[in-house]
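The model shown is predicted, which means the values in this text are computed figures rather than measured ones. Order of the sequence lines sets the chain letters (A, B, ...), proteins ahead of strands, with each chain counted from 1.
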2 protein chains.
Amino acid sequence: MPPGTRAANRSELTQAILASASVQLAEIGPAALSVRQIARDLEMASSAVYRYFPSRDALLTALLIQAFDDLGRAVEEGAATGADLRDRFTGAAHALRGWALAHPHEYALTYGSPVPGYAAPTETVASATRVAAVLLAIVRDAQVEGRPLGAGTRQFSAAERTAVAPISDFVEPALDDAHTARAMVVWATLFGHVSLELFGHMNNAVLDYKEHFTTVIEQLADDLGL
Amino acid sequence: MPPGTRAANRSELTQAILASASVQLAEIGPAALSVRQIARDLEMASSAVYRYFPSRDALLTALLIQAFDDLGRAVEEGAATGADLRDRFTGAAHALRGWALAHPHEYALTYGSPVPGYAAPTETVASATRVAAVLLAIVRDAQVEGRPLGAGTRQFSAAERTAVAPISDFVEPALDDAHTARAMVVWATLFGHVSLELFGHMNNAVLDYKEHFTTVIEQLADDLGL
DNA sequence: CATAAAACAAGAGCACTGCTCTCGTTTTGT
DNA sequence: ACAAAACGAGAGCAGTGCTCTTGTTTTATG
């Protein structure tokens with residue numbers, strides 16, 4: 001056989017394993033994902049899978065990065081469809097919720113409770129940051145345009161300023177206190193709403209999730225002065 | 001042996017199983033909870049545990065109700081310490097975050113990703129409602145006192161009004177549109193912040209969680225007009 | 001009080017999991 | 001050409017949730 005076959009096979013098989021794991025994740029969720037089932041799907045010995053991923057956790061990490069990237073791409077596209085700043089924000093927000101509804105198990109993997117003892121490796125943070133980057137870019141653009149924030153935005157304490165400095169300084173030019181404050185609330189509210197809805201805590205409380213989500217993000221857009 | 005011994009033993013053993021499960025939950029989390037380990041703790045056969053709880057899921061449901069009640073009690077106490085409406089709100093909010101930090105695995109069980117295919121039985125909703133009840137009572141009291149909401153609260157659409165009617169009508173007298181809208185945002189923001197913090201999504205972004213959380217809830221209190 | 005019925009505890013066993021180790025085989029680099 | 005590394009497959013280990021059987025103990029009934 002020509003040289004390079006082994007490297008090519010390795011790359012192919014790695015992708016095949018990841019693809020099978022991806023299907024399993026989407027269908028039965030991260031908790032039920034089984035290495036042996038992947039091996040059966042690919043008609044190989046279960047021990048052979050461990051030549052490509054050292055553990056089930058490593059496989060989940062790869063899926064985690066994939067999910068973060070997929071969500072990040074979806075949110076970026078959702079923001080890109082907007083003509084003005086407000087549409088960019090609502091587009092991104094609806095894209096976030098839409099992706100979560102379409103990929104509930106992937107959302108659970110990324111933003112649900114982490115498996116005990118699992119520490120997300122450094123490789124994940126770049127992908128995990130993409131959603132926040134979209135949001136912060138919109139807020140920065142609003143600040144640059146000189147739009148006034150919604151009424152009633154509070155003053156920062158000095159302690160708070162240093163506490164959230166990494167957020168303020170994430171974009172260029174950096175966010176001022178008031179924009180940082182509102183951005184943080186928006187961040188928590190968006191993921192709070194999606195998690196509460198997806199994890200069933202709005203059952204029998206909210207009858208029309210999409211309508212309500214729309215109302216919430218319009219309120220948030222107002223608060224951001226968009 | 002006197003009659004009634006069996007019923008008493010059953011009640012005692014049920015509690016003992018629940019107690020052992022509770023310890024396991026706190027230490028290693030819901031995913032790692034093992035029926036066999038509980039049996040070993042209590043020095044009984046693993047099959048005997050199934051006379052008291054028909055499945056591992058039933059055991060988790062009992063723990064879920066326990067956790068919801070414990071959280072509800074903590075938030076109710078946190079609210080009770082407040083002299084005025086604003087202190088009741090901030091007290092409840094800090095109690096929520098404090099409980100979550102003290103009981104991360106229990107918080108993951110209640111507000112993290114549910115296990116696949118698990119549908120919370122009806123018995124859980126009463127306990128799960130307690131936190132929302134505290135929040136909505138505060139907002140209702142603010143409305144009754146005639147306090148003005150923070151500036152910039154949006155108008156409801158008719159569709160949104162019916163969508164969140166169960167929330168508005170949860171308290172007596174019912175919340176008006178504006179108070180309902182702000183209450184829903186506050187609800188999502190509180191759990192969003194706690195989940196993001198607890199599940200590690202604020203790592204390297206927020207340096208002082210408590211300071212930031214305080215800032216956020218002061219902003220929310222302003223928005224609620226407290 | 002005697003006896004049938006129900007509840008119980010214990011153990012074996014099934015099907016499944018993640019993971020490791022060994023043992024031949026195949027591809028690689030020298 | 002040959003040693004070294006990578007590989008695939010299978011057996012095996014320790015663990016899991018759960019079921020079934022077997023023998024015992026407590027309950028309720030005639």
Side-chain angles (χ1 to χ4, degrees), chain A residues 1-18 20-25 27-64 105 109 114-119, chain B residues 1-18 20-25 27-64 105 109 114-119:
Chain A
M1 280 207 179
T5 302
R6 178 155 278 178
N9 275 4
R10 178 167 190 88
S11 169
E12 267 181 43
L13 241 182
T14 304
Q15 287 306 312
I17 291 171
L18 216 54
S20 171
S22 222
V23 172
Q24 265 199 54
L25 171 62
E27 288 178 353
I28 55 177
L33 186 135
S34 158
V35 176
R36 294 179 107 109
Q37 182 58 51
I38 294 171
R40 283 191 291 269
D41 282 359
L42 272 51
E43 291 179 335
M44 61 196 292
S46 65
S47 58
V49 178
Y50 290 88
R51 299 239 178 232
Y52 299 84
F53 293 90
S55 70
R56 185 176 175 277
D57 259 23
L59 200 44
L60 278 178
T61 298
L63 292 173
L64 186 67
H105 287 129
L109 179 63
V115 290
Y118 178 80
Chain B
M1 279 207 180
T5 303
R6 178 156 278 178
N9 275 6
R10 179 169 188 88
S11 168
E12 266 181 43
L13 240 182
T14 304
Q15 287 306 312
I17 291 171
L18 216 55
S20 170
S22 220
V23 171
Q24 265 200 53
L25 171 62
E27 289 177 352
I28 55 178
L33 185 134
S34 158
V35 176
R36 295 178 108 108
Q37 182 59 52
I38 294 172
R40 282 191 290 269
D41 283 358
L42 272 50
E43 290 180 336
M44 62 197 291
S46 66
S47 58
V49 177
Y50 289 87
R51 299 238 172 228
Y52 300 85
F53 292 90
S55 70
R56 185 177 176 276
D57 259 22
L59 201 44
L60 278 178
T61 298
L63 293 173
L64 186 67
H105 287 129
L109 179 63
V115 290
Y118 177 80

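Taking every heavy atom of both residues into account, S46(A) and V35(A) meet most closely at O-CG1, 4.5 Å. Nearest heavy-atom pair, A21(A) versus L33(A), reported as atom, atom and distance to 0.1 Å: O-CD1, 3.6 Å.
Among residues two or more places apart in sequence or in another chain, the side-chain hydrogen bond (donor to acceptor under 3.5 Å, both in side chains) test is passed with S20(B) by D41(B). Under the side-chain hydrogen bond (donor to acceptor under 3.5 Å, both in side chains) criterion, S22(A) pairs with Q66(A), sequence neighbours left out. Evaluation of the side chain to side chain contact (heavy atoms under 4.5 Å, CB included) rule for R51(A) yields no partner, not counting sequence neighbours. In this structure R40(A) satisfies the side-chain hydrogen bond (donor to acceptor under 3.5 Å, both in side chains) test together with Q37(A), sequence neighbours excluded.
In this structure, CG of L13(A) is placed 14 Å from P of dT27(C), rounded to the nearest angstrom. Summarising the geometry, the separation between CG on L60(A) and C1' on dT17(C) is reported as 14 Å, rounded to the nearest angstrom. Put simply, CG on N9(B) is 16 Å from C1' on dA6(C), counting in whole angstrom units.
Side chains of I28(A) and H105(A) form no contact here, defined as non-hydrogen atoms less than 4.5 Å apart. Using a 4.5 Å heavy-atom cutoff, the side chains of T61(B) and F53(B) are not in contact.
Looking at heavy-atom distances under 4.0 Å, F53(A) makes no contact with the nucleic acid at all.
The rotation axes computed at either terminus of the helix from dC1(C)-dG30(D) to dT30(C)-dA1(D) lie 10° apart, taking five pairs at each end and rounding to 10 degrees.
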Could you run down nucleotides 11-22 of chain D 5' to 3' and tag each one B, S or - for protein heavy-atom contact under 4.0 Å?
-B---BBBBB--
